[in-house]
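Notes for the one structure printed next.
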Amino acid sequence: MATSRYCPNCHEMQDFRRVNAKEKSYLQTLMTSAEANGFWRCRGAGGHCLWVQPHLNQDKGRTLPLSFI
């Protein structure tokens with residue numbers, strides 16, 4: 001399931017998807033497992049955008065490391 005939100009890295013509306021297991025595992029090193037469960041990743045830039053954020057809270061978003069491209 002995808003949902004459209006504004007992506008600060010892409011500077012436009014983009015579809016987002018839930019983070020996958022590898023992305024979630026990385027996020028769990030930075031926050032609690034419960035917090036990491038609610039993150040979504042931008043599908044912009046041909047699927048290579050590194051922006052992740054909680055579903056309705058862009059202020060708590062972050063950019064994943066380049067290794068996630």
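Keep in mind that the numbers below use all heavy atoms, side chains included, and drop hydrogens, waters and symmetry copies. This structure is a prediction, so every number in the text was calculated from the model and none was measured.
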Atom pair [atom1]/[atom2] of [X] and [Y] - distance to nearest 0.5 Å:
{"X": "His48", "Y": "Cys10", "atom1": "NE2", "atom2": "SG", "value": "11.5 Å"}
{"X": "Phe39", "Y": "Phe16", "atom1": "CZ", "atom2": "CZ", "value": "11.0 Å"}
{"X": "Gln14", "Y": "Arg41", "atom1": "CD", "atom2": "CZ", "value": "12.5 Å"}
{"X": "Asn37", "Y": "Met31", "atom1": "CG", "atom2": "CE", "value": "11.0 Å"}
{"X": "Phe68", "Y": "Lys22", "atom1": "CZ", "atom2": "NZ", "value": "5.5 Å"}

Test side-chain hydrogen bond (donor to acceptor under 3.5 Å, both in side chains) on Glu35 and Thr32; report intermediate values, then the result. CA-CA 5 Å; Glu35 290 174 313; Thr32 69; 3.3 Å; yes

With hydrophobic residues grouped by side-chain heavy-atom distances under 4.5 Å, do Met13 and Leu56 end up in a single group?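 Different hydrophobic clusters.
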
Is it possible for you to say whether Leu66 and Leu30 belong to one hydrophobic cluster, with membership spreading through side-chain heavy-atom contacts below 4.5 Å?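 Yes.
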
For residues Gln28 and Ser33, report the shortest heavy-atom separation together with the two atoms involved.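 Here Gln28 and Ser33 meet closest at NE2-OG, 2.9 Å.
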
Of all heavy-atom pairs between Val19 and Ala36, which one has the smallest distance, and what is that distance?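 Taking every non-hydrogen atom into account, CG2-O, 4.1 Å.
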
[Y] and [X], any side-chain heavy atoms less than 4.5 Å apart:
{"X": "Arg18", "Y": "Glu23", "result": "no"}
{"X": "Tyr26", "Y": "Leu64", "result": "yes"}
{"X": "Arg62", "Y": "Leu27", "result": "yes"}

What residues, two or more places apart in sequence or in another chain, satisfy side chain to side chain contact (heavy atoms under 4.5 Å, CB included) together with Asn9?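 Cys7, Cys49, Trp51, Thr63.
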
Whether Gln58 side chain and Tyr6 backbone form a donor-acceptor pair below 3.5 Å: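 Yes, because the side chain of Gln58 sits within donor-acceptor range (under 3.5 Å) of the backbone of Tyr6.
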
